Amino acid sequence: MTTFWLTNVRLEKGFIYEHDRIAGTETEICHLKMEDGKITEITQVLPNSDVKQMDANYQLLLPSLRDMHIHIDKTYYGGPWKACTPITNGIFTRLEEEKELLPKLLPTAQERAEKMIEMYLKNGHTHIRTHCNVDPVIGLKNLEATVNALKKYEDVLTYEIVAFPQHGLLKSDSVQLIRDAMKNGATLVGGVDPATVDRNIEKSLNTIFEIAVENNKGVDIHLHDPNSLGAFTFERMAHYTNEAGLKGRVTISHGIALGDLQGDALHEMAAILKEQEIDITTTVPVNRATIPIPTLDKLGISVSVGHDSITDHWSPFGTGNTIQKLGTLAERFRMSDEYSLSTALKFGTGGVTPLNEKGERVWPKVGDEATMMLVNASCSAEAVARRATVKALFFKGKKVESKLAESNHVQV
């Protein structure tokens, strides 16, 4: 393993208070020694040794990022520009499109996935949770491309793969395919709208959790249904989570109905989800009511951000830039003070922030894994508010470099 000193690193030291309020963040310049993938020393004295040194040039050190909801198996990224077609029948418009589109994209699916992974690395990510289509149209072929792409990057990131029955677990008769996917690289069991798509909440959820228990895996379900229908589905998910003994291993993706609940109804739902340690991922949508992320956080629900689509047939948008996403989150919820901005970072890092609520440094510490990024900002708050650029990424003490040579766009 590589041993080296990362010198002239800016670390957050504590909050600056004025009139009993947090008015800023104090930082200091330190030097960090990396050995066997871990931070083994943090000092303000410049080391005098023969060990290799890498100059951070006074950039801010932050925890690396995690995208907890993306689809790297179906994207136009790396290819020519293509906008979306009009929606005429809700999500079913897109599902019909996929019957023709996925086979056309398959020959370049792995290469496109690799280009997207490279983009994520450039933007400071060392973990990706990707959903991967498993359906009668494409079978396990997209899964194979996804697994092959991610395996090439196992030395610079960690990942999870959700076996995702995009066309409906029951509706498209994909139950056996999902079971097969769990034996061929998938690490989580997925699902989509048991009510609207599968038209049978109980059978759909029961089957999803049954497959998860069979394989000792977690669950991550897309839930777009709004209002009371979505809320009822959450309650049934909590029930099946408890029955299956999967507490702490279940995710609700999108959870749009959480943006429709108010007052006591929201608090009661949060209590149900918290009891089973069900977490939420969100894209921080701006085209409809955004789920109340700060409120859910205060109520003890773990929330993470993801990009979902990056220029595909579902959406022409998406950047893969989670710092930018966190800036949007902060704007959406008027998190404009120093403390709120600095804590917004945790929605993109798996809950890790340099300072705790008391302003004490809790990251990095000696013994921590040296998985982190350097950004051009004076503190976390500025990084989020000003959408700081990632200057360098490290994974277990190794500086991450691109694996792809510059090339032309992939053609469809």
Side-chain angles (χ1 to χ4, degrees), residues 9-18 21-28 56 58-70 119-128 279-286 290-298 301-308 310 317-364 371-394:
V9 178
R10 186 175 302 279
L11 297 182
E12 296 190 357
K13 184 178 181 180
F15 292 128
I16 299 169
Y17 292 85
E18 291 181 2
R21 71 174 183 85
I22 296 172
T25 302
E26 183 181 5
T27 62
E28 62 184 0
Y58 309 101
Q59 302 284 348
L60 178 69
L61 192 72
L62 293 177
S64 59
L65 300 167
R66 300 163 62 88
D67 188 300
M68 297 304 289
H69 189 109
I70 186 61
M119 175 185 60
Y120 272 113
L121 293 172
K122 182 180 179 181
N123 287 332
H125 299 78
T126 56
H127 184 84
I128 297 171
D279 62 272
I280 309 293
T281 62
T282 178
T283 62
V284 195
V286 295
T290 310
I291 68 172
I293 298 170
T295 300
L296 292 171
D297 180 52
K298 289 177 182 178
I301 305 299
S302 176
V303 181
S304 297
V305 298
H307 289 266
D308 194 11
I310 296 180
F317 308 112
T319 64
N321 187 326
T322 293
I323 294 180
Q324 186 181 85
K325 178 77 69 175
L326 295 175
T328 299
L329 187 161
E331 282 195 80
R332 171 65 183 80
F333 292 101
R334 301 179 182 179
M335 300 166 68
S336 58
D337 63 281
E338 185 81 6
Y339 179 73
S340 296
L341 285 166
S342 64
T343 58
L345 184 70
K346 70 179 178 180
F347 299 117
T349 63
V352 183
T353 56
L355 303 178
N356 63 17
E357 61 183 10
K358 297 179 181 179
E360 301 164 334
R361 182 189 295 159
V362 292
W363 183 95
T371 297
M372 54 208 183
M373 61 181 179
L374 290 170
V375 302
N376 66 333
S378 63
C379 61
S380 297
E382 183 186 7
V384 170
R386 304 304 302 161
R387 279 74 163 176
T389 303
V390 175
K391 294 298 185 180
L393 178 66
F394 299 86

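Given the structure is predicted, the values throughout are model-derived calculations rather than measurements.
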Got a sec: does the OH of Tyr58 have more than 12 other heavy atoms crowding it under 6.0 Å? no
Just so I know, are the side chains of Pro294 and Met335 near enough to count as touching, which here means a heavy-atom distance under 4.5 Å? yes
Looking at Glu357, I'd like to know if its CD atom is crowded, meaning that more than 12 non-hydrogen atoms belonging to other residues, nucleotides or ligands lie closer than 6.0 Å. no
Nearest 0.5 Å, please: how far is CZ in Phe333 from CD1 in Ile293? 4.5 Å
Side chains of Tyr120 and Ile70 in contact at under 4.5 Å (non-hydrogen atoms): yes
For the pair Phe394 and Thr371, evaluate side chain to side chain contact (heavy atoms under 4.5 Å, CB included) and give the outcome as yes or no after the intermediate values. CA-CA 5 Å; Phe394 299 86; Thr371 297; over 6 Å; no
Of the options Asp308, Thr282, Thr283, which is the one that meets His69 in a side-chain hydrogen bond (donor to acceptor under 3.5 Å, both in side chains)? Asp308
For Lys13 and Thr27: C-alpha separation, side-chain torsions, deciding distance, then whether side chain to side chain contact (heavy atoms under 4.5 Å, CB included) applies. CA-CA 5 Å; Lys13 184 178 181 180; Thr27 62; 5.7 Å; no
Are Pro63 and Leu345 packed together at the side-chain level, in the sense that at least one heavy-atom pair is separated by less than 4.5 angstrom? yes
With the side chain counted from C-beta on, respond yes when Val390 and Lys122 share a heavy-atom pair under 4.5 Å apart, and no when they do not. no
About how many Å separate NZ of Lys346 and OG of Ser302, when rounded to the nearest 0.5 Å? 8.5 Å
Atom CG in Asn321, atom OG1 in Thr328: separation rounded to 0.5 Å? 9.0 Å
Between Glu12 and Ser380, is a side chain to side chain contact (heavy atoms under 4.5 Å, CB included) present by the stated rule, with each step listed? CA-CA 8 Å; Glu12 296 190 357; Ser380 297; 2.6 Å; yes
Separation between CG (Asn123) and CE (Met373), nearest 0.5 Å, reads 9.5 Å
Could you tell me whether Lys325 and Asp67 make a salt bridge, using a distance below 4.0 angstrom between a side-chain N and a carboxylate O? no
Are the side chains of Thr25 and Phe15 in touch, meaning some heavy atoms are under 4.5 Å apart? yes
Where is the tightest heavy-atom contact between Arg10 and Ala377, given as atom of each residue plus distance? CD-O, 4.1 Å
side-chain hydrogen bond (donor to acceptor under 3.5 Å, both in side chains) between His125 and Thr322, intermediate numbers included: CA-CA 8 Å; His125 299 78; Thr322 293; 2.6 Å; yes
In Val384, Leu62, Leu65, the residue satisfying side-chain contact (heavy atoms from CB on, under 4.5 Å) with Ile323 is Leu65
For the CG atom of Asn376 and the CD atom of Glu382, what is their distance to the nearest 0.5 Å? 7.5 Å
Is the side chain of Ser64 donor-acceptor paired with the backbone N or O of Gly124 at a distance under 3.5 Å, no angle test? no
Please lay out, stage by stage, how Met68 and Asp279 fare under the test side chain to side chain contact (heavy atoms under 4.5 Å, CB included). CA-CA 11 Å; Met68 297 304 289; Asp279 62 272; over 6 Å; no
Would you indicate whether the side-chain heavy atoms of Leu355 and Ser342 approach each other to under 4.5 Å? no
Could Glu331 and Arg387 be called an ion pair, given the rule that one side-chain N must be under 4.0 Å from one carboxylate O? yes
Spacing of CE belonging to Met372 relative to OG1 belonging to Thr349, to within rounding of 0.5 Å: 15.0 Å
